Amino acid sequence: MTTVEEKILIEKILNADWSRYENKKRGKGSNHMFFVGSNSWEVNFLIGLFRQQKVNLSIYQLIWIIKESCQNERYPQPRTLVVSYIVYRISKLLPNKTI
């Protein structure tokens, strides 16, 4: 995956429909712009976004990458940072494939 493809994928994920996610976060009194890797529903939501973009990885690989991308799973991290790092890790796993 090229740097341009990484940027495109990041944009697609960040510009996707996050309304369900945001509504649930607000309902729990949490900041919707931050991601918590220890919340399974948040991990599942991100997996869904990446699967919509036809990322050629298994669900288990995506879970592993998402968990590895959260420096500290228990504490919120900026959504943009988490998505960017996930895409970076995917690009290292699939260096010669296009998404």
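As the structure is a computational prediction, the values presented were derived from the model and not from experiment.
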Say you draw a straight line from NZ of K67 to OG of S38; how long is it, rounded to the nearest 0.5 Å?
-> 6.5 Å
Any W18 side-chain heavy atom under 4.5 Å of L49 side chain = yes
Do P78 and F34 have side chains that get closer than 4.5 Å, going by heavy atoms?
-> yes
V43 and G37 have their tightest heavy-atom pair at CG2-O, 3.4 Å
Is there a chain of hydrophobic side chains (I, L, V, M, F, W, Y, each step under 4.5 Å between heavy atoms) that links I10 to M33?
-> no
Drop me the distance from R79's CZ to S84's OG, to the nearest 0.5 angstrom.
-> 12.0 Å
Do NZ/NE/NH1/NH2 and the carboxylate oxygens of E6 and R89 come within less than 4.0 Å?
-> no
dist Q53:CD -> K12:NZ (nearest 0.5 Å) comes out at 5.0 Å
Hey, does L9 have a side-chain heavy atom less than 4.5 Å from the side chain of V55?
-> yes
pair I90-L62: side-chain heavy atoms closer than 4.5 Å | yes
Is any side-chain heavy atom of I65 less than 4.5 Å from a side-chain heavy atom of F50?
-> no
Calculate, to the nearest 0.5 Å, the distance between atoms CD and CD1 belonging to Q52 and I47 respectively.
-> 12.5 Å
Shortest non-hydrogen pair, E22 vs H32, comes out as CG-CD2, 3.4 Å
Do V83 and L46 come within less than 4.5 Å of each other through their side chains, counting heavy atoms only?
-> yes
Quick one: CG on N31 to NZ on K28, what's the gap to the nearest 0.5 Å?
-> 15.0 Å
Could you tell me how the ring of Y21 sits relative to the ring of W41: parallel (under 30°), tilted (30 to 60°) or perpendicular (over 60°)?
-> tilted
Not counting sequence neighbours, list each pair that qualifies as a salt bridge (charged side-chain N to carboxylate O under 4.0 Å, His left out) and has a residue in residues 32-42.
-> K25-E42
For the hydrophobic clusters of this structure (ILVMFWY residues joined by side-chain heavy atoms under 4.5 Å, transitively), does one cluster hold both L14 and I8?
-> no
Spacing of S30 atom OG and K24 atom NZ [to the nearest 0.5 Å] = 11.0 Å
Under the side-chain contact (heavy atoms from CB on, under 4.5 Å) test, which residues partner Q61, sequence neighbours left out?
-> L57, S58, L93
Check whether more than 12 heavy atoms from other residues, nucleotides or ligands sit under 6.0 Å from atom CZ of R26, and answer yes or no.
-> yes
Nearest atoms (heavy-atom pairs only) where P76 meets V36 = CA-CG2, 3.8 Å
Residues at least two apart in sequence or cross-chain that pass ring pair (Phe, Tyr, Trp, His ring centres under 6.0 Å) with Y88, listed by chain then number, are Y85
